[in-house]
S.K.: 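Once you've had a glance at the structure underneath, I'll fire off some questions.
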Amino acid sequence: MDEKMKKLIDGLNEDLAHEYAASIMYTYNAAVVSGLYRSVLKPFFESEVADEQGHAVYLAEKISILGGTPTTKPAEVKPLSEVKEMLVEARNSEYDTIKRYEVRKEQADELGLTELSIKLDDLIADETGHMEEIDRLLKDSRLHEA
């Protein structure tokens, strides 16, 4: 296998591990979020799970198509209980995912993988939408009281 393709597949597997972790994180957050924010954040976290699982399914298929073996191990998930911590961790996770996908897009472009490149644009747009929504939630002044 060509070295550039191997690096792309390794990167896609890293992305896949993080998509698994995001699905776990949002499932966990939906289950444990409590207090006044529960009625808003539980459905928000639950709605993110399906998106992250869809991303994982796509990545696993693409890794296989490109000749790799999809990982079955998620990246680490922090079990948080405070609402602000949950949102900050989710926001940081989305940001990091966007940055990884931007690198992956460059790799796909370099290898002439047009479909993957276009799909990565879609994934970047999805993750950016998630991050922007979390940014809006984090603007709640009650989260910043001492």
Side-chain angles (χ1 to χ4, degrees), residues 4-5 7-66 68 70-146:
K4 287 182 182 180
M5 182 62 76
K7 284 181 97 166
L8 173 64
I9 290 170
D10 289 347
L12 291 170
N13 261 317
E14 178 186 2
D15 300 334
L16 178 57
H18 282 277
E19 291 292 355
Y20 290 155
S23 182
I24 293 166
M25 175 188 67
Y26 285 124
T27 300
Y28 174 86
N29 288 353
V32 302
V33 68
S34 60
L36 292 174
Y37 292 102
R38 181 168 174 77
S39 64
V40 172
L41 291 180
K42 183 180 186 312
F44 169 74
F45 289 142
E46 289 173 341
S47 72
E48 295 297 305
V49 173
D51 277 352
E52 305 304 348
Q53 288 176 338
H55 297 171
V57 168
Y58 173 79
L59 291 171
E61 287 281 334
K62 186 52 69 175
I63 291 164
S64 181
I65 288 167
L66 294 174
T71 187
T72 58
K73 294 182 174 41
E76 182 183 353
V77 178
K78 296 177 188 172
L80 303 171
S81 59
E82 297 297 319
V83 169
K84 184 177 179 185
E85 290 176 338
M86 286 179 184
L87 290 171
V88 168
E89 182 66 22
R91 194 255 184 235
N92 291 342
S93 174
E94 298 291 356
Y95 176 82
D96 293 343
T97 298
I98 292 163
K99 292 302 167 197
R100 279 193 309 277
Y101 284 157
E102 288 171 345
V103 170
R104 226 61 70 225
K105 180 174 170 40
E106 289 176 16
Q107 292 173 307
D109 287 340
E110 195 172 316
L111 288 164
L113 300 171
T114 305
E115 183 274 338
L116 177 57
S117 179
I118 291 168
K119 182 64 176 181
L120 285 163
D121 278 336
D122 292 343
L123 295 175
I124 291 166
D126 280 353
E127 302 294 358
T128 299
H130 300 169
M131 185 179 73
E132 289 171 349
E133 189 59 29
I134 295 167
D135 283 341
R136 292 179 78 174
L137 291 167
L138 280 166
K139 287 184 180 182
D140 188 317
S141 62
R142 293 168 291 190
L143 292 173
H144 306 286
E145 294 172 358

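Note: hydrogens, waters and symmetry copies are ignored here, and every other heavy atom, side chains too, is used.
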S.K.: Under 3.5 Å, side chain of R91 to main-chain N/O of E132, donor-acceptor pair present?
M.R.: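 Answer holds: no.
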S.K.: What is the minimum heavy-atom distance between L59 and E19, and which atoms define it?
M.R.: CD1-CG, 3.7 Å
S.K.: Testing the basics here: between L8 and A108, what is the closest heavy-atom pair and its distance to 0.1 Å?
M.R.: CD1-N, 4.4 Å
S.K.: Would you call L87 and F45 a side-chain contact if the rule is heavy atoms closer than 4.5 Å?
M.R.: yes
S.K.: Hey, is CD on E46 packed in by over 12 heavy atoms from elsewhere, all under 6.0 Å?
M.R.: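 Yes, the 6.0 Å shell around CD holds more than 12 heavy atoms from other groups.
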S.K.: Between L80 and V88, is there a side-chain heavy-atom distance shorter than 4.5 Å?
M.R.: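 Answer no - side chains too far apart.
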S.K.: Looking only at heavy atoms, which two atoms of L116 and K62 are closest? And how far apart?
M.R.: CD1-CG, 4.0 Å
S.K.: Of D122, T128, D126, which meets side chain to side chain contact (heavy atoms under 4.5 Å, CB included) against I124?
M.R.: T128
S.K.: If you compare all heavy atoms of H130 against all heavy atoms of D51, which two are closest, and at what distance to 0.1 Å?
M.R.: NE2-OD2, 2.9 Å
S.K.: Looking at every heavy atom in both S23 and V49, which two are closest together, and how far apart are they?
M.R.: OG-CG1, 3.6 Å
S.K.: S93 side chain to E89 main-chain N or O, any donor-acceptor pair under 3.5 Å?
M.R.: no
S.K.: Are side-chain N/O atoms of S117 and D109 paired as donor and acceptor at under 3.5 Å?
M.R.: yes
S.K.: Heavy-atom distance under 4.5 Å between the side chains of N29 and M25, does that happen here?
M.R.: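 Result yes, sub-4.5 Å side-chain heavy-atom pair found.
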S.K.: Under the criterion side chain to side chain contact (heavy atoms under 4.5 Å, CB included), which of L120, L123, D15 is the partner of R100?
M.R.: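 So, applying the side chain to side chain contact (heavy atoms under 4.5 Å, CB included) to R100 and each of L120, L123, D15, only D15 qualifies.
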S.K.: Taking everything shown except Y37 itself, do over 12 heavy atoms lie less than 6.0 Å from its OH?
M.R.: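 Check passes, neighbour count above 12.
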S.K.: Under a 4.5 Å cut-off applied to non-hydrogen side-chain atoms, are E127 and E52 in contact?
M.R.: yes
S.K.: What are the two closest heavy atoms between L66 and I9, and how far apart are they?
M.R.: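 Heavy atoms of L66 and I9 come nearest at O-CD1, 3.4 Å.
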S.K.: Report the C-alpha separation of R104 and L113 in whole Å, then their side-chain angles, then the decisive distance to 0.1 Å, and conclude whether the side chain to side chain contact (heavy atoms under 4.5 Å, CB included) test is met.
M.R.: CA-CA 11 Å; R104 226 61 70 225; L113 300 171; over 6 Å; no
S.K.: Please indicate whether L36 has more than 12 foreign heavy atoms, meaning atoms of other residues, nucleotides or ligands, lying under 6.0 Å from its CG.
M.R.: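 Count not over threshold, so no.
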S.K.: What orientation do Y26 and F44 show, parallel under 30°, tilted 30 to 60°, or perpendicular over 60°?
M.R.: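 Perpendicular: the ring planes of Y26 and F44 meet at over 60°.
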S.K.: Quick one about D96 and H18 (side-chain donor to acceptor, distance below 3.5 Å, no hydrogens or angles considered), yes or no?
M.R.: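 Side-chain D/A pair, H18 to D96: absent.
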S.K.: Do side-chain atoms of S64 reach the backbone of A60 as a donor and acceptor pair under 3.5 angstrom?
M.R.: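 A pair under 3.5 Å: no.
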S.K.: Can you find a pair of side-chain heavy atoms, one from E102 and one from K99, that are under 4.5 Å apart?
M.R.: yes
S.K.: Would the distance check show the side chain of Y20 and the main-chain N or O of T71 forming a donor-acceptor pair, the cut-off being under 3.5 Å?
M.R.: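 Confirmed, Y20 side chain pairs with T71 backbone.
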S.K.: Less than 4.5 Å apart, side chain to side chain, heavy atoms only: is that true for E106 and V103?
M.R.: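 No, their side chains stay 4.5 Å or more apart.
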S.K.: Under the side chain to side chain contact (heavy atoms under 4.5 Å, CB included) rule, what do E94 and E48 come out as? Steps first, then yes or no, please.
M.R.: CA-CA 11 Å; E94 298 291 356; E48 295 297 305; 4.1 Å; yes
S.K.: Within a reach of under 6.0 Å around CD of E115, are more than 12 heavy atoms found that belong to other residues, nucleotides or ligands?
M.R.: yes
